[in-house]
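Taking it in order: structure first as structure tokens, then the write-up.
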Amino acid sequence: MAKQDHDEVQVVYGYFEQKGNALCYRYEAERLVIEPWGANSLRVRATKMAEMPPEDWALLAPENPGTPQITVREDGAEIVNGKLRAELNLIGKLTFYNQKGEVLLEEYVRNRKDMFGSTCSSLCVEAREFKAIIGGDYKLTARFVSEPGEKLYGMGQYQQPYLDLKGADLELAQRNSQASVPFLLSSLGYGFLWNNPAVGRVNFGKNITTWEAFSSKKLDYWITAGDTPAEIEEAYANVTGKVPMMPDYAMGFWQCKLRYQTQEELLEVAREYKRKGYPVSVIVVDFFHWPCQGEWKFDPTYWPDPDAMIAELKEMGIELMVSIWPTVDYRSENFDEMQSKGLLIRVESGYPISMDFQGNTLHFDATNPEARDYVWDKAKRNYYDKGVRVFWLDEAEPEYTYYDFENYRYHLGPNVQVGNIYPLMYAKTFFDGMKAEGQENIINLLRCAWAGSQRYGALVWSGDIKSSFPSMKNQLAAGLNMAIAGIPWWTTDIGGFFGANINDPAFHELLIRWFQYGCFCPVFRLHGYRWPLQPQYGTTGGASCISGAPNEVWSYGEEVEKILSSYLFLRERMRPYVTERMREAHEKGTPVMRPLFYDFPKDTRCWEVEDQYLFGPSILVKPITDAGCRETSVYLPAGAKWTNAWTGETYDGGQTVTAAAPIAQIPLFTRDGFALSVTQ
């Protein structure tokens, strides 16, 4: 109990106590718990419920949580865990410091009473605000003082061009091409996870940083201190999980389009790659290869012998990836059973339809373990047992016809309160099933993620984006912030998804530039919905869904093919290097692609550069994201020597140089003598 006597008036502001390894504080209905959660890290939880809700959400129990030093005084309390110290004052305000005594983060609070009970401010703003929802739980707001010069990175992927998110206003919600992964890395030397799957918002304002959850039972966040970005990132990976080791085949080239209509069409594409001698690792059966949504199997009309198809592909050294959708059509053979067993998401009002694309559907409830088992059982019997070892888990947000988050309810609770965790549970559905079959090095492609998705083998792509240079530029920020948010496996639809005609020379330039960039992404994958559309093949089942124009490397003319194929071989030559990067991601959580400051944190200029990045520690990449660009400036970080991979010219770091960028070349620089063979 903390008290202060003044003018014979005793004022009680709150109670501090140590319970085991935790520092606890309570005032009126609020209960606050601060405890160590890994080296140099603390977990902070607060609630006004009768008991602290038990969910750990993204966090895993650390092997060594840390042994804190806790001090309870008359005027407050503090807890120290390694390099991180949290101080709690009399009115319950939290401030975090590093081992040098520098403020990393502090709550924003304005209180009408000072420590003696005197009025000191006309403002009354709570740092941790639980605003009751009548008949429900709470709208939660957490406020922190903003440091104007601070730079912030991470938070997942948003379709905007800014790498530094200071000043950004971000929706904490999942949508097609938007993935909310609420972990950020600060230039001040801390990492922060908003460990709450509720739909909400964060505003990194100049004056205040404000986090909101629109419906929640508790405040829950994790904070860590580190001397370098790598130390912070590795600490985060230790408490949320690391990716498996990427299988060797996944490091090569992935061929995909919307959509191969028949078994023979897909096989002929694979055979042509082999005839031309082009390396290809994965080929994809896209959506509507099934008879009906919610029937996880091949339509025998168009895919008459999938066992033979898969066997032939494996003989060619190609893995087959199969698209899975979580939607279940009312006409599906599985709908009545799944609805009666409560395996589908529910709506709070209106007729129960969550998406009406190609039929009225409801999504399976991935937060329900019984639903996860049911879907995996179907996929196992109809795909996995035939030899499919990688799945495309599409619609992973999940996508709704209308994003009325408050209208959907899951097994774990209202969507508005838990919905951001859906893509993680979707990944877990297949990861757990594949692991139970003895598979190692599991990887599946998803269109969304949340904090911790990486531990379930999630490879995330940036969604159904536009085919344009501005859209490509957005992907640079999306991919790098996704990496900082702890998702090291990431890719895009090379060339964009919507709005490209394969006969358009302007698109050819965009495709070449995007293909070059894709070669230096964690996964090198070509996909898109190209025009002109192909004639419809068949009239039943999935044939109702259209198919786009050809999208193979030879589909755009000889000049384009020559350039694209050269990058297929370049990626193959980089395989040993890529393998080492994937091992680092698996063992330490190291991002494969990362901003310059990750490897050069002492070079202040590296915290400013947003249009280039490092692919591993030794390759600096400057994608060309403007039409007609044939020359560009490149900043070379201080503390290393850099070699232009195309010309062999060597430069000292700490300067900006001009690099040629003819249509066949993406500017590349290698570090301290690293050898990169850009030509055969």
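Scope of the values below: all heavy atoms of this structure, side chains included, with no hydrogens, waters or symmetry mates. Heads up: numbering here begins at 1 and tracks the sequence.
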So Arg372 and Asp365, salt bridge (Lys or Arg N to Asp or Glu O under 4.0 Å) or not? Walk me through it.
CA-CA 8 Å; Arg372 293 197 297 269; Asp365 187 349; over 6 Å; no
What's the verdict on salt bridge (Lys or Arg N to Asp or Glu O under 4.0 Å) for Lys218 and Asp220, showing C-alpha distance, side-chain angles and the deciding distance?
CA-CA 6 Å; Lys218 68 173 175 178; Asp220 191 345; 3.3 Å; yes
As a quick check of understanding, evaluate side-chain hydrogen bond (donor to acceptor under 3.5 Å, both in side chains) for Thr540 and Tyr302, giving each step before the final call.
CA-CA 10 Å; Thr540 62; Tyr302 312 104; 3.1 Å; yes
Working note: Phe524 + Phe515, criterion ring-ring contact (aromatic ring centres under 6.0 Å, His included); need CA distance, chi angles, decisive distance, verdict.
CA-CA 8 Å; Phe524 186 19; Phe515 203 88; 4.9 Å; yes
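In summary, the side chains of Thr492 and Trp514 do present a donor paired with an acceptor at a separation below 3.5 Å, with no hydrogens or angles considered. With hydrogens and angles left out, the side-chain atoms of Asn415 and Glu406 include no donor and acceptor closer than 3.5 Å. Side-chain atoms of Lys473 and Gln160 form no donor-acceptor pair, as typed in the model, at a separation below 3.5 Å. With 3.5 Å as the limit, one finds a donor-acceptor pair spanning the side chains of Asn196 and Ser216. Defined by atom type and a distance below 3.5 Å, a donor-acceptor pair is present between the side-chain atoms of Ser547 and Gln534. Remark: the Gln174 side chain and the Ser180 side chain contain no N/O donor-acceptor pair separated by less than 3.5 Å. Judged purely by distance below 3.5 Å, without hydrogens or angles, the side chains of Tyr374 and Asn368 never pair a donor atom with an acceptor atom. Looking at Ser349 and Asn407, their side chains do bring a donor and an acceptor atom within 3.5 Å of each other. Using modelled atom types and a 3.5 Å distance limit, the side chains of Gln475 and Gln159 yield a donor-acceptor pair. Neither side chain, Thr141 nor Glu129, offers a donor N or O lying under 3.5 Å from an acceptor on the other.
Of the inter-residue distances, the one linking Asn195 atom CG with Trp222 atom CH2 reads 10.5 Å to the nearest 0.5 angstrom. Taking CG of Leu258 as the reference point, atom CZ of Phe288 lies at 10.0 Å (rounded to 0.5 Å). Residue Asn334 holds its CG atom at 12.5 Å from CD of Gln293, rounded to the nearest 0.5 Å. Leu267 contributes atom CG, which lies 6.5 Å from atom CE of Met309 (distance to the nearest 0.5 angstrom). The CE atom of Met155 sits 10.0 Å away from the CH2 atom of Trp194 when rounded to the nearest 0.5 Å. For the atom pair CG of Leu185 and OH of Tyr153, the computed distance is 9.0 Å after rounding to the nearest 0.5 Å.
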Donor-acceptor list for residues 351-358 side chains, cut-off 3.5 Å, not counting sequence neighbours:
unit_1 : atom_1 : unit_2 : atom_2 : d
Ser354 : OG     : Thr361 : O      : 3.3
Ser354 : OG     : His363 : N      : 3.4
Ser354 : OG     : His363 : ND1    : 2.8
Asp356 : OD1    : Thr401 : OG1    : 2.9
Gln358 : OE1    : Ser544 : OG     : 2.8

Output side-chain donor-acceptor pairs under 3.5 Å for residues 52-61, partner residues at least two apart or in another chain, one line each.
unit_1 : atom_1 : unit_2 : atom_2 : d
Asp56  : OD1    : Arg43  : NH1    : 2.7
Asp56  : OD1    : Arg43  : NH2    : 3.4

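In this structure Arg455 satisfies the salt bridge (Lys or Arg N to Asp or Glu O under 4.0 Å) test with no other residue, sequence neighbours excluded. Not counting sequence neighbours, Glu552 has no partner by the salt bridge (Lys or Arg N to Asp or Glu O under 4.0 Å) test. Shown here are the salt bridge (Lys or Arg N to Asp or Glu O under 4.0 Å) partners of Arg45, two or more places apart in sequence or in another chain: Glu35. Among residues two or more places apart in sequence or in another chain, the side chain to side chain donor-acceptor pair (under 3.5 Å) test is passed with Asp305 by none. Every ring pair (Phe, Tyr, Trp, His ring centres under 6.0 Å) that Phe192 has, sequence neighbours left out, goes to Phe144, Trp211, Tyr221. When the ring pair (Phe, Tyr, Trp, His ring centres under 6.0 Å) test is applied to Tyr158, no partner is found at least two apart in sequence or on another chain. In this structure Phe335 satisfies the ring pair (Phe, Tyr, Trp, His ring centres under 6.0 Å) test together with Tyr330, sequence neighbours excluded. Scored by the ring pair (Phe, Tyr, Trp, His ring centres under 6.0 Å) test, Phe183 finds Tyr236 as partners (sequence neighbours excluded). Applying the salt bridge (Lys or Arg N to Asp or Glu O under 4.0 Å) criterion to Asp394, with sequence neighbours excluded, gives Arg447.
With respect to the salt-bridge test (charged N to carboxylate O, under 4.0 angstrom), the residues Arg331 and Asp329 qualify. Salt bridge annotation for Arg409-Glu348: present, with a cationic side-chain nitrogen under 4.0 angstrom from a carboxylate oxygen. Salt bridge annotation for Lys131-Glu212: absent, with no cationic side-chain nitrogen under 4.0 angstrom from a carboxylate oxygen.
When every heavy atom of Gly548 is checked against every heavy atom of Leu533, the shortest pair comes out as CA-CD2, 4.1 Å. Minimum interatomic distance between Asn481 and Gly156 (heavy atoms only, all atoms of both residues): CB-O, 3.4 Å. Heavy-atom minimum distance, Leu343 versus Ala371: O-CB, 3.6 Å.
For Lys435, the NZ atom counts as loosely surrounded, since its 6.0 Å shell holds 12 or fewer non-hydrogen atoms of other residues, nucleotides or ligands.
Ser467 pairs in a side-chain contact (heavy atoms from CB on, under 4.5 Å) with only one of the listed residues (Phe507, Tyr529, Phe498), which is Phe507. For the side-chain hydrogen bond (donor to acceptor under 3.5 Å, both in side chains) with Asn551, the qualifying choice from Arg530, His527, Gln255, Arg259 is Arg530, the only one to do so. In summary, of the residues considered (Phe298, Trp290, Trp392, Trp296), a side-chain contact (heavy atoms from CB on, under 4.5 Å) with Val322 occurs for Phe298 alone.
Asp137 places a side-chain heavy atom less than 4.5 Å from the side chain of Met49.
A cation-pi arrangement is absent between Arg346 and Tyr408 under the rule of less than 6.0 angstrom and at most 45 degrees off the ring axis.
Below 30°, between 30° and 60°, or above 60°: for Tyr422 and Tyr410 the angle between ring planes is between 30° and 60°, a tilted geometry.
Ring pair Trp376/Phe430: centre-to-centre distance below 6.0 Å.
Among residue pairs with one or both ends in residues 375-389, those qualifying as salt bridge (Lys or Arg N to Asp or Glu O under 4.0 Å) are Asp307-Lys386, Asp377-Arg381, Lys380-Asp385; sequence neighbours excluded.
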